[in-house]
Enquirer: 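Here's a structure for you.
Start at 1 with the first residue, then count along the sequence. All values below come from the heavy atoms of this structure, side chains included, with hydrogens, waters and symmetry mates left out. Order of appearance sets the numbers: ligands from 1, and atoms from 1 within every ligand.
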Amino acid sequence: MDPGSVRRPSCLGLIDGVTGSRWIVDATPQFPSQLDDLFSVDGGSVGGPPEGILLTHAHVGHYAGLLHLGGEVMCGHEVPVWVMPRMAEFLNAHEPWASLVARRHVILKEMSPQSPVSLGERISVRPVPVPHRDELSETVAFEIAGASRRVLWLPDIDDWDARLADWVAGVDVAWLDGTFYSDSELPGRELGQIPHPRISDHLAEYSRLADGGGTDVRLIHLNHSNPACDPESPEARLIADAGVRVASEGERIEL
Ligand SMILES: [Zn+2]
Ligand SMILES: [Zn+2]
């Protein structure tokens with residue numbers, strides 16, 4: 001594949017349109033460049049840590065970027081990091097994360113399941129527990145509400161368990177786990193060990209949500225093996241034909 005077309009791991013930025021404050025959901029290994037992108041829109045100026053960070057879980061693609069807040073790099077000062085209780089325990093107990101906390105580069109703010117957190121006056125975020133491989137921490141999705149719209153950020157889940165419609169009820173835009181297109185991209189692997197809903201198994205359902213359900217479905221978190229990473233692939237075309245899409249870097253939604 002053309003190296004220029006390789007995408008960065010998925011994350012979501014939030015901007016308060018009045019104050020200009022910026023938050024980021026998940027700190028990926030590409031955190032600095034993604035933060036630059038977040039700060040460079042809407043007249044922001046690049047540099048410095050965000051107003052806060054919200055983490056879904058302790059898998060490397062979702063929190064490793066916190067390292068950049070350390071003294072050798074961005075040198076954050078008491079940057080709020082919203083986490084679930086086991087995630088806080090994990091960060092407090094293991095280096096190099098424990099030092100980030102001890103040196104007050106970050107302040108861990110514990111969330112409770114389903115209890116909304118206010119980010120300023122205009123954005124609220126509700127952590128929703130998600131079934132996923134929870135070796136090190138629990139996993140959450142975030143339902144994010146502004147004055148007029150509601151979105152869901154759900155990068156990892158083991159299975160929809162026939163409850164997809166419940167997950168996206170009342171949500172205008174749902175960014176959903178699109179890790180694998182189908183089992184055929186994983187030859188020789190024990191499939192039970194890597195649960196994720198396969199796009200091909202759920203495309204009709206995604207399509208119904210997009211078409212009649214009022215939820216705009218966008219797939220994120222694509223594994224490098226996923227043929228839909230290539231927008232010219234037949235799989236990407238099948239997704240588009242279903243009225244669903246693979247999320248693109250920099251896409252924006254007004255809340
Ligand atoms: Zn994960
Ligand atoms: Zn993940």
Enquirer: State whether Glu249 and Arg7 are salt-bridged, where the test is any N-O pair (Lys NZ or Arg NE/NH1/NH2 against Asp/Glu carboxylate O) under 4.0 Å.
Expert: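 Salt bridge: no.
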
Enquirer: Can you tell me which N/O/S atom of His221 has the shortest distance to the Zn ion (ligand 2)?
Expert: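 Sorting the N, O and S atoms of His221 by distance to the Zn ion (ligand 2) puts NE2 first.
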
Enquirer: Are Glu143 and Arg126 ion-paired here, with the side-chain N under 4.0 Å from a carboxylate O?
Expert: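 Arg126 and Glu143: salt-bridged.
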
Enquirer: Side chains of Asp26 and Thr28: donor-acceptor distance under 3.5 Å anywhere?
Expert: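 Absent: no donor and acceptor within the cut-off.
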
Enquirer: Show all protein N/O/S atoms under 2.8 Å from the Zn ion (ligand 1), or state that there are none.
Expert: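 You should have found His57 NE2, His59 ND1, His132 NE2.
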
Enquirer: Between the side chains of His59 and His132, is a donor N or O closer than 3.5 angstrom to an acceptor N or O?
Expert: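 Judged by distance alone, the side chains do pair up.
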
Enquirer: Could you grab the distance from atom CG of Leu67 to atom NE2 of His105, nearest 0.5 Å is fine?
Expert: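 Going from the CG atom of Leu67 to the NE2 atom of His105 covers 11.0 Å.
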
Enquirer: For residues 214-222, tabulate all N or O donor-acceptor pairs below 3.5 Å that involve a side-chain atom, not counting sequence neighbours.
Expert:
unit_1: Thr215; atom_1: OG1; unit_2: Val171; atom_2: O; d: 2.9
unit_1: Asp216; atom_1: OD1; unit_2: Arg218; atom_2: NE; d: 3.4
unit_1: Asp216; atom_1: OD2; unit_2: Arg218; atom_2: NE; d: 3.3
unit_1: Asp216; atom_1: OD2; unit_2: Arg218; atom_2: NH2; d: 2.8
unit_1: Arg218; atom_1: NH1; unit_2: Glu251; atom_2: OE2; d: 3.1
unit_1: His221; atom_1: ND1; unit_2: Pro155; atom_2: O; d: 3.4
unit_1: His221; atom_1: ND1; unit_2: Thr179; atom_2: OG1; d: 2.9
unit_1: His221; atom_1: NE2; unit_2: His62; atom_2: NE2; d: 3.2
unit_1: His221; atom_1: NE2; unit_2: Asp156; atom_2: OD2; d: 3.0

